[in-house]
2 protein chains.
Amino acid sequence: MLQLSKKVGYALIALRHMATHPQDRIFTAREIAAACNIPYELLAKILQKLKKSEVIVSTQGMRGGYSLLKKPDQIQVSQIINAIEEEKAIIADCYADSKENCSLYDTCTIRTPLGKVQHNLDVLLESTTLDQIV
Amino acid sequence: MLQLSKKVGYALIALRHMATHPQDRIFTAREIAAACNIPYELLAKILQKLKKSEVIVSTQGMRGGYSLLKKPDQIQVSQIINAIEEEKAIIADCYADSKENCSLYDTCTIRTPLGKVQHNLDVLLESTTLDQIV
DNA sequence: ATAATATAAGACCAGAATAGTCGTATTTAT
DNA sequence: ATAAATACGACTATTCTGGTCTTATATTAT
């Protein structure tokens, strides 16, 4: 519960691997998988998602691979999470879908405060960048 | 991902229901379930966990039920989560279990920073209390 | 041109976690 | 005694996740 998935963990480890080497280097998925002991096929999909989210760039074909698009201090943890866990609300929405179900009042007073918690969480994850993890 | 479970949501909704009524009232699980449109058996187990974690108190037998043990501003969101999701790490640990797996260096540099994120998350959830959600 | 090496993409499966149900025991007021 | 409530644990079904496999496409070396 409220735990980062293994995929996000793998993403962080892989990005860290890239960040701790010269910035212009190109890394193949296979190389990172071997170095970090991550299942290759799984990592390949993770890297593809990171590419779609413009965290890294790829060059296809022989001698291809991936490299960081931004500097580590420009890559937010929230961005990495969102790249892999495509767009879910961090905090659950209110489950009651009509006024009568849950509340005697007209205004839903649980959705908004939960949203605040979510927002605070967002801010926290946005303010943490890759360089703080490397 | 990084989403509160439905159970935690139900717990929050139920506690909110109790907090918006006179503090000395006793609520039956069935009453709350009906009012908040939550499956009764599921809510019953949730309330039992909240009782074990001393968020609410119960009186057994006929005319029994549950009532808040503390005032809403004394009930932390983190306490509610922990009551239901028995003791899990919020942020993933480092998955590499030996030096060779992940890093060229001796010290694991990913565990500690992630721990910082986790700590910030803990602080956030501890500093949010039920009264802010009601 | 052809072969080799790489990303790209999607189907597929197994195991874990979650949500929800059911049955039964126990407590207590009437 | 009986009715109404909590207490507790087994069970099921569904969803999520991690991981694998297959195929297609792009690029480069030869």
Side-chain angles (χ1 to χ4, degrees), chain A residues 1-14 18 25-34 36-67 69 81 83-90 92-93 95, chain B residues 1-14 18 25-34 36-67 69 81 83-90 92-93 95:
Chain A
M1 155 93 291
L2 266 191
Q3 190 170 18
L4 289 182
S5 69
K6 272 196 170 184
K7 288 180 188 176
V8 172
Y10 288 155
L12 289 170
I13 290 171
M18 299 170 81
R25 263 209 56 190
I26 285 183
F27 304 85
T28 67
R30 211 170 284 277
E31 172 193 353
I32 299 174
C36 299
N37 204 33
I38 300 170
Y40 163 69
E41 293 89 351
L42 187 53
L43 178 63
K45 290 200 301 188
I46 290 169
L47 292 173
Q48 283 164 27
K49 286 184 177 177
L50 290 173
K51 182 224 162 183
K52 277 192 180 173
S53 297
E54 299 179 344
V55 175
I56 58 182
V57 287
S58 71
T59 53
Q60 286 190 332
M62 206 177 177
R63 298 241 163 176
Y66 297 95
S67 54
L69 182 54
I81 294 175
I84 286 150
E85 321 281 349
E86 44 255 4
E87 198 62 39
K88 284 185 189 173
I90 292 182
D93 290 334
Y95 296 103
Chain B
M1 153 91 299
L2 269 190
Q3 188 169 21
L4 287 181
S5 68
K6 272 196 170 185
K7 289 181 187 175
V8 171
Y10 289 155
L12 288 170
I13 291 171
M18 298 172 82
R25 262 208 57 190
I26 285 185
F27 304 85
T28 67
R30 211 169 283 277
E31 172 193 354
I32 299 174
C36 299
N37 203 33
I38 300 171
Y40 163 70
E41 294 91 349
L42 187 53
L43 178 61
K45 289 201 302 188
I46 290 168
L47 292 173
Q48 283 163 27
K49 286 185 177 177
L50 290 174
K51 184 223 160 184
K52 278 192 180 173
S53 297
E54 299 179 343
V55 175
I56 58 181
V57 286
S58 71
T59 53
Q60 285 190 330
M62 206 178 178
R63 300 240 163 178
Y66 297 95
S67 55
L69 180 55
I81 293 175
I84 286 149
E85 321 281 349
E86 43 255 4
E87 196 62 40
K88 284 184 189 176
I90 292 181
D93 291 332
Y95 296 103

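Of all the residues in residues 50-58 of chain A, not one reaches under 4.0 Å from DNA chain D with any non-hydrogen atom.
If you take CG of B:Leu43 and C1' of C:dT21, they are 14 Å apart, rounded to a whole angstrom. Here C:dA6 presents its P atom at 15 Å from CD of A:Gln48, a figure rounded to the nearest Å. Remark: C1' of C:dT21 and CZ of B:Arg30 are 13 Å apart, rounded to the nearest angstrom. Distance CD1 (B:Ile84) to C1' (C:dA19): 13 Å, rounded to an integer number of Å. In this structure, the CD atom of A:Glu41 is 12 Å from the P atom of C:dT7, given to the nearest Å. Put simply, CD1 on B:Ile46 is 12 Å from P on C:dT21, counting in whole angstrom units. If you take CG of A:Leu4 and C1' of D:dT17, they are 14 Å apart, rounded to a whole angstrom. Computed from coordinates, the A:Leu42 CG to D:dC21 P distance equals 13 Å when rounded to whole Å.
With values rounded to the nearest 0.5 angstrom, B:Leu47 atom CG is found 13.5 Å from B:Lys52 atom NZ.
Listed here is the closest heavy atom pair of A:Ile46 and A:Ala11: CG2-CB, 3.8 Å. Contact record, A:Leu43 with A:Ile38: CB-CG2, 3.9 Å, taken as the closest heavy-atom pair. Scanning all heavy atoms of the two residues, the minimum distance from B:Glu85 to B:Val8 falls at OE2-CG2, 3.4 Å. Shortest non-hydrogen contact noted between B:Met18 and B:Ser67 is CE-CA, 3.3 Å.
For A:Thr59 (side chain) and A:Gly65 (main-chain N/O), a donor-acceptor pair under 3.5 Å exists by modelled atom type.
In the interface, the side chain of B:Lys45 is not paired with the base of D:dT6 through any donor and acceptor atom under 3.5 Å apart.
The side-chain heavy atoms of A:Glu31 and A:Tyr66, taken from C-beta on, include no pair separated by under 4.5 Å. With contacts defined as side-chain heavy-atom distances shorter than 4.5 Å, the pair A:Cys36/A:Tyr10 does not qualify.
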Review item, nucleotides 26-30 of chain D N/O atoms under 3.5 Å of protein N/O:
unit_1: D:dA26; atom_1: O4'; unit_2: A:Gln60; atom_2: OE1; d: 3.1
unit_1: D:dA26; atom_1: O3'; unit_2: A:Gln60; atom_2: OE1; d: 3.3
unit_1: D:dT27; atom_1: O2; unit_2: A:Met62; atom_2: N; d: 3.0

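Look at A:Tyr40 and you'll find a side-chain N or O under 4.0 angstrom from OP1 or OP2 of C:dT7. At the phosphate of C:dA8, OP1 or OP2 sits under 4.0 Å from a side-chain N or O atom of A:Tyr66. Neither OP1 nor OP2 of D:dT15 sits under 4.0 Å from any side-chain N or O of B:Lys6.
Within a 6.0 Å radius of CZ in B:Arg25, more than 12 heavy atoms belonging to other residues, nucleotides or ligands are found.
Among the heavy atoms of the strands lying under 4.0 Å from A:Ala29 are primed sugar atoms or P, OP1, OP2 only; no base atom is included.
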